[in-house]
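The model shown is predicted, which means the values in this text are computed figures rather than measured ones. All heavy atoms count here, side chains included; hydrogens, waters and symmetry mates do not.
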Amino acid sequence: MNLVVFPLKHENPFTVKVSTGSVAKIDDRLMICCSGMGSSGVMNLGRVLAEYPEIKTVCEFGTAASVSKGEIGRIYECTTFCDFNGGIIASAQSFTDLPTAAVTGDDRLYSGGEYDWADLLEMPLLYTMETLRFRNIALEFRKHFFSVRLVSDNGTGNIRAQVEQELCKAKKQIREIFSVFEKLSV
């Protein structure tokens, strides 16, 4: 069984309606969960993984802010995980044919700047409130994990409007990406 988890309802790449913290079954190979943001989202994901031990793979999806080199409107697979000092915590093999990015983040919204080391990375650096901790909780439960993120903003301006606009523009591409996961059997 595979689980696609996303922090916000409007990031749901499927046509099935969800409520925060609950799981919806797409078919016998795929479930989806709107986790919620930040720490509450991590707790919800942990609860779901405990309740559904048949989950083998967790795919995180959602929007992200570009800290450096990430193109707004582009979808990346996050394969490098960084701490706030630029240290690489972990890396993962790419699962998709999407361009790859590094990711950092914590429980607060990114508001631009802060990471002088970001330009030293050869790949884009994205900021999310969940990815690092979603990865950790998935690994605690001994699940495969990968992250797919749509760059929606750079942490400045009306972030909510930017997220909505970029999700709307990328909806078709997002559905195509996730149609593959519906058939996935890891």
Would you sort out whether C59 and N2 count as a side chain to side chain contact (heavy atoms under 4.5 Å, CB included), showing the intermediate values?
CA-CA 8 Å; C59 174; N2 301 300; over 6 Å; no

Answer whether the closest heavy-atom distance between the side chains of [X] and [Y] falls below 4.5 Å.
X: I32; Y: V23; answer: no
X: P13; Y: I177; answer: no
X: H144; Y: V58; answer: no
X: L45; Y: C33; answer: no
X: D119; Y: W117; answer: no
X: F6; Y: S35; answer: no
X: T131; Y: R149; answer: yes
X: I174; Y: L167; answer: yes

Could you list the donor-acceptor pairs under 3.5 angstrom formed between side-chain atoms of residues 79-88 and any protein atom two or more places apart in sequence or on another chain?
unit_1 : atom_1 : unit_2 : atom_2 : d
D83    : OD1    : N85    : N      : 2.9
D83    : OD1    : G86    : N      : 3.0
D83    : OD1    : G87    : N      : 2.7

Path from [X] to [Y] over hydrophobic side-chain contacts below 4.5 Å:
X: V163; Y: F14; result: yes
X: V5; Y: I55; result: yes
X: M1; Y: F145; result: yes
X: F134; Y: M129; result: no
X: L150; Y: V18; result: yes

Looking at T100, V103, L126, which one forms a side chain to side chain contact (heavy atoms under 4.5 Å, CB included) with Y76?
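Considering T100, V103, L126, a side chain to side chain contact (heavy atoms under 4.5 Å, CB included) with Y76 is found only for L126.
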
Which heavy-atom pair separates L49 from A138 by the least distance, and what is that distance?
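Shortest heavy-atom contact: CD1-CA, 4.0 Å.
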
Under 4.0 Å between a Lys/Arg side-chain N and an Asp/Glu carboxylate O for R133 and D107?
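Yes, R133 and D107 are salt-bridged.
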
Taking only Lys NZ, Arg NE, NH1 and NH2, and the carboxylate oxygens of Asp or Glu, determine whether E140 and R135 approach each other closer than 4.0 Å.
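No salt bridge links E140 with R135.
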
Can you list the steps and then say if R108 with E130 is a salt bridge (charged side-chain N to carboxylate O under 4.0 Å, His left out)?
CA-CA 10 Å; R108 62 189 169 82; E130 302 83 20; over 6 Å; no

Are any side-chain N or O atoms of [X] and backbone N or O atoms of [Y], one a donor and one an acceptor, separated by less than 3.5 Å?
X: E77; Y: T96; value: yes
X: N44; Y: V48; value: no
X: K9; Y: T20; value: no

Do [X] and [Y] have side-chain N/O donor and acceptor atoms under 3.5 Å apart?
X: S152; Y: Q162; value: no
X: E166; Y: T63; value: no
X: Y110; Y: N154; value: no

Going from [atom1] on [X] to [atom2] on [Y], what distance comes out if it is rounded to the nearest 0.5 angstrom?
X: K172; Y: R175; atom1: NZ; atom2: CZ; result: 12.0 Å
X: L132; Y: Y127; atom1: CG; atom2: OH; result: 9.0 Å
X: K25; Y: L3; atom1: NZ; atom2: CG; result: 12.5 Å
X: I72; Y: Q165; atom1: CD1; atom2: CD; result: 9.5 Å
X: L125; Y: S66; atom1: CG; atom2: OG; result: 7.5 Å
X: D153; Y: I159; atom1: CG; atom2: CD1; result: 5.0 Å

Pairing residues for E164 by the salt bridge (Lys or Arg N to Asp or Glu O under 4.0 Å) criterion, not counting sequence neighbours
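With neighbours one apart ignored, the set is empty.
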
Apply side chain to side chain contact (heavy atoms under 4.5 Å, CB included) to residues K143 and T57 and explain how you reach the verdict.
CA-CA 5 Å; K143 309 300 181 187; T57 301; over 6 Å; no

List the steps, then state whether side chain to side chain contact (heavy atoms under 4.5 Å, CB included) holds for F95 with V148.
CA-CA 10 Å; F95 181 78; V148 175; over 6 Å; no

Other residues, nucleotides and ligands only: do more than 12 of their heavy atoms fall within 6.0 Å of [atom1] on [X]?
X: M43; atom1: CE; value: no
X: R142; atom1: CZ; value: no
X: E54; atom1: CD; value: yes

Sequence neighbours excluded, which residues qualify as ring-ring contact (aromatic ring centres under 6.0 Å, His included) partners of F61?
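Applying ring-ring contact (aromatic ring centres under 6.0 Å, His included) to F61 gives F178.
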
